[in-house]
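Before any comments, here is the structure.
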Amino acid sequence: GEGNTAKMYAGLLAKSGVDGVITLHSHNKKIKQYYEKAMGNSGGKAFFDVWPYSLLAHYLLTKSSLEIENNGENIVVVSPDKGSRRFSEKLRDALYLDNAGMLYLSKARKVPNKPDEVTIDNPRLENADSLDGKTIIFPDDIIDTGGTIIRTVDWLNNAHGDHGLGNPKDYFFYFTHSVMSGRGYESIQNRLAKLNAKEFIVTNTRPFISDNRSFRFKRNSTVLRTARLFGDMILRHYHGEDLEGAYDFKSKTQLIKTM
């Protein structure tokens, strides 16, 4: 599985003389431990995992089609599951929209004998009365086949019964790593394109996404380039700066100016 692959790769890099790795939004928190053990450093100086919530916030605030009303009153940021909670909260903070809501979801579970339906237990909505007419910002670290997110959005849209939270207006989806595996990424893109999304936002950590987007997906998708961010991380590390919290800013002005 993923754990064994990460251990093997960390070991190979360590044997090759690598003493540190900088990466973007790793999928598994345990990966840090594997690298620090392989490289003989348990002090947190071997594996640097930077989360791109500031990169995404900058795009949403300055270049996207996101419409902001009354300091974010029309916006709700979703935490799709427990593992994504911290990233979603960091994103909401980085937007500096005091009136934006947060929706916490548990892991979507399939409904017995209904393969196209999921149920979500105990959803929690904060700083908003309902989802009626709201723009949903749905961030996650990775998208693979897209099945879970499509079924989750169906649930949010009350496609299989009223969950009592109201009906969202539209969506902005974000995935750091656009894997889109399975029999064909084009078919996955076409399925995603049918969702009521204003934008799909991904990064180019998976290079093919830049050139091989299907038309239906491409016309409302954006690829955020990460080269400048990686360059800045490398320079900061070279000059001995701590990358932990390096992209937490004190104001929206500082975020926009720096990113």
Side-chain angles (χ1 to χ4, degrees), residues 21-28 48-68 75 77-80 83-84 86-88 90-92 94-95 97 135-150 152-153 170-236 243 246-247 249 252 255-259:
V21 171
I22 298 174
T23 190
L24 193 71
H25 208 173
S26 65
H27 184 58
N28 189 333
F48 302 91
D49 181 27
V50 177
W51 287 3
Y53 46 82
S54 294
L55 179 69
L56 174 57
H58 180 271
Y59 171 74
L60 288 170
L61 291 170
T62 64
K63 296 181 179 180
S64 75
S65 59
L66 179 67
E67 298 175 1
I68 301 173
I75 294 169
V77 179
V78 171
S79 169
S84 64
R86 185 164 172 259
F87 182 84
S88 296
K90 284 282 191 179
L91 173 62
R92 182 188 178 280
L95 289 169
L97 298 174
T135 292
I136 304 296
I137 299 176
F138 196 115
D140 210 348
D141 59 348
I142 190 169
I143 181 169
D144 194 352
T145 63
T148 299
I149 185 173
I150 290 170
T152 300
V153 171
D170 48 34
Y171 293 83
F172 283 75
F173 295 99
Y174 168 81
F175 309 101
T176 303
H177 308 296
S178 181
V179 177
M180 294 192 183
S181 62
R183 294 191 174 184
Y185 55 79
E186 186 170 343
S187 65
I188 296 169
Q189 290 179 26
N190 287 333
R191 289 171 64 200
L192 291 171
K194 295 177 182 178
L195 300 176
N196 51 328
K198 292 199 72 174
E199 285 192 53
F200 294 96
I201 307 163
V202 299
T203 74
N204 63 336
T205 59
R206 294 278 290 179
F208 80 87
I209 194 64
S210 299
D211 301 318
N212 291 330
R213 284 175 289 168
S214 69
F215 170 73
R216 293 186 64 191
F217 185 76
K218 188 172 185 177
R219 65 185 175 184
N220 64 342
S221 64
T222 299
V223 179
L224 302 182
R225 313 290 174 172
T226 57
R228 184 172 178 269
L229 180 60
F230 271 105
D232 186 66
M233 288 190 286
I234 292 168
L235 284 174
R236 286 173 182 263
L243 294 183
Y247 302 101
F249 300 104
K252 185 187 296 185
L255 165 76
I256 293 173
K257 182 178 179 181
T258 305
M259 297 303 292

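- With hydrogens and angles disregarded, no donor-acceptor distance shorter than 3.5 Å links the side chain of His25 to the backbone of Tyr53.
- In this structure, a donor-acceptor pair under 3.5 Å is absent between the side chains of Thr176 and Asp141.
- Judged by distance alone, with hydrogens and angles left aside, the side-chain atoms of Asn220 form no donor-acceptor pair with the main-chain N or O of Phe200 at under 3.5 Å.
- Nearest heavy-atom pair across Phe138 and Ile149 is CE2-CD1, 3.8 Å.
- In this structure, Leu255 CG and His58 NE2 are separated by 6.5 Å, a value rounded to the nearest 0.5 Å.
- In this structure, the side chains of Ile143 and His177 stay at 4.5 Å or more apart for every pair of heavy atoms.
- A 4.5 Å side-chain heavy-atom check between Val223 and Thr203 finds every atom pair outside the cut-off.
- For Ser88 against Val77, the heavy-atom pair with the smallest separation is O-CG1, 3.7 Å.
- Across Leu56 and Leu224, no two heavy atoms sit closer than the pair CA-CD1, 4.3 Å.
- Side-chain contact between Ile22 and Leu243 is present, with heavy atoms from C-beta onward closer than 4.5 Å.
- The two atoms that bring Lys252 and Leu95 nearest to each other are CE-O, 3.6 Å, heavy atoms only.
- Using modelled atom types, one finds a donor on one side chain and an acceptor on the other under 3.5 Å when comparing Ser26 with Asp49.
- Taking the charged nitrogens against the carboxylate oxygens, Arg228 and Asp232 have no contact shorter than 4.0 Å, which rules out a salt bridge.
- Side chains of Tyr59 and Thr222: a donor-acceptor N/O pair is present below 3.5 angstrom, by distance only.
- Taking the six-membered ring where the residue is Trp, Tyr174 and Phe87 present parallel rings, their angle staying beneath 30° rather than reaching 60°.
- Looking only at atom types and distance, the side chain of Asn204 has a donor-acceptor partner in the side chain of Thr226 under 3.5 Å away.
- In this structure, a donor-acceptor pair under 3.5 Å is absent between the side chains of Ser221 and Glu199.
- Between Tyr171 and Phe173, the ring-plane angle classifies as parallel under the 30° and 60° cut-offs.
- Seen from the ring of Tyr247, Arg236 counts as a face-on cation partner, given the 6.0 Å and 45° thresholds.
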